[in-house]
Amino acid sequence: MSKFTGASAWVPSEGGLKKLTAALPECRGCDLYEYAERVVPGEGPARARMMLIGEQPGDVEDKEGHVFVGPAGRLLDKALAEAGIDRSTVYLTNAVKHFRFERQGKRRIHKTPGAGHISACHPWLDRELEVVKPALVVVLGAVAARAVFGPGFKVTEQRGRPQELPDGRSAVATVHPSSVIRSREYRRDFALFVDDLRVAAGLLGGG
Ligand code: URA
Ligand code: SF4
């Protein structure tokens with residue numbers, strides 16, 4: 001990691017989402033760009049009131065270049081629909097923009113990004129928040145929670161509870177959709193995930 005200095009040198013300080021997305025493939029802010037197929041930008045309306053932040057692209061996202069289009073995305077879509085949130089109205093992004101993985105034969109197995117990757121990639125997330133200006137941030141899982149709240153924040157203790165960020169924005173943390181997929185108590189954990197998303201929808205006043 002040491003030869004990498006973080007993304008700030010690549011993040012445009014002006015312009016909108018188009019400019020940000022165009023600059024993203026140039027990023028050499030950490031080592032992850034060397035192994036991934038492509039960078040996966042955030043997607044959604046430039047003036048979305050809700051921003052959902054995931055962890056990092058998965059195998060499918062890395063191949064297709066879009067956020068949450070693999071198995072975790074399908075589960076998220078289902079949960080958003082149940083919570084009465086229209087996916088097309090929210091801005092979806094990740095704390096880390098390149099896929100980190102380990103090879104096992106032909107397969108690429110997800111590897112959790114390290115604290116160094118999360119902080120290296122943070123300038124992109126900061127800029128997305130500045131540009132989109134969501135009223136509410138929904139944090140999906142521990143990696144996104146670390147990016148948004150810092151180390152020390154425990155999703156398991158705080159999930160579904162309204163939080164306030166230093167900039168005055170509201171936030172709600174919940175689990176990552178992949179953890180629901182892996183759960184041995186799928187029905188219960190899916191329902192709890194939907195409950196947290198309903199809290200988020202409620203904070204926006206249903207509008
Ligand atoms: N998991 C994430 O956190 N983000 C994606 O885009 C896909 C899977
Ligand atoms: Fe840049 Fe983030 Fe990709 Fe690292 S993961 S190269 S900081 S975009």
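We count ligands from 1, going down the list as the structure has it; atoms in each ligand are counted the same way.
Among H66, Q56, E64, E55, the residue whose heavy atom sits closest to atom 8 (C) of ligand 1 is Q56.
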Hey, mind stepping through Y91 and M51 against side-chain contact (heavy atoms from CB on, under 4.5 Å) and telling me if it holds? CA-CA 5 Å; Y91 184 87; M51 182 184 288; 3.6 Å; yes

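Between H176 and ligand 1, at least one pair of N/O atoms sits closer than 3.5 Å. At a 3.5 angstrom cut-off on N or O pairs, F68 counts as close to ligand 1.
Proximity to G54 (heavy-atom distance under 4.0 Å) selects the following atoms of ligand 1: 3 (O).
Remark: the H66 side chain and the E43 side chain contain an N/O donor-acceptor pair separated by less than 3.5 Å.
Closest to atom 4 (N) of ligand 1 among all protein heavy atoms lies N94 OD1, 2.6 Å.
Ion pairing between a basic and an acidic side chain is recognised when a charged N comes within 4.0 Å of a carboxylate O; K97 and E128 show such pairing. Comment: E185 engages R188 in a salt bridge, judged by a side-chain N to carboxylate O separation of less than 4.0 angstrom. In summary, K19 and E14 engage in a salt bridge, as defined by a charged side-chain N under 4.0 Å from a carboxylate O. Between D77 and R74 no salt bridge is recorded (no basic side-chain N to carboxylate O distance below 4.0 Å). Ion pairing between a basic and an acidic side chain is recognised when a charged N comes within 4.0 Å of a carboxylate O; D189 and R184 show no such pairing.
The hydrophobic clustering, which links ILVMFWY residues whose side-chain heavy atoms are closer than 4.5 Å, places L140 and L80 together.
Take a cut-off of 2.8 Å around atom 2 (Fe) of ligand 2: the protein N, O or S atoms inside it are C121 SG.
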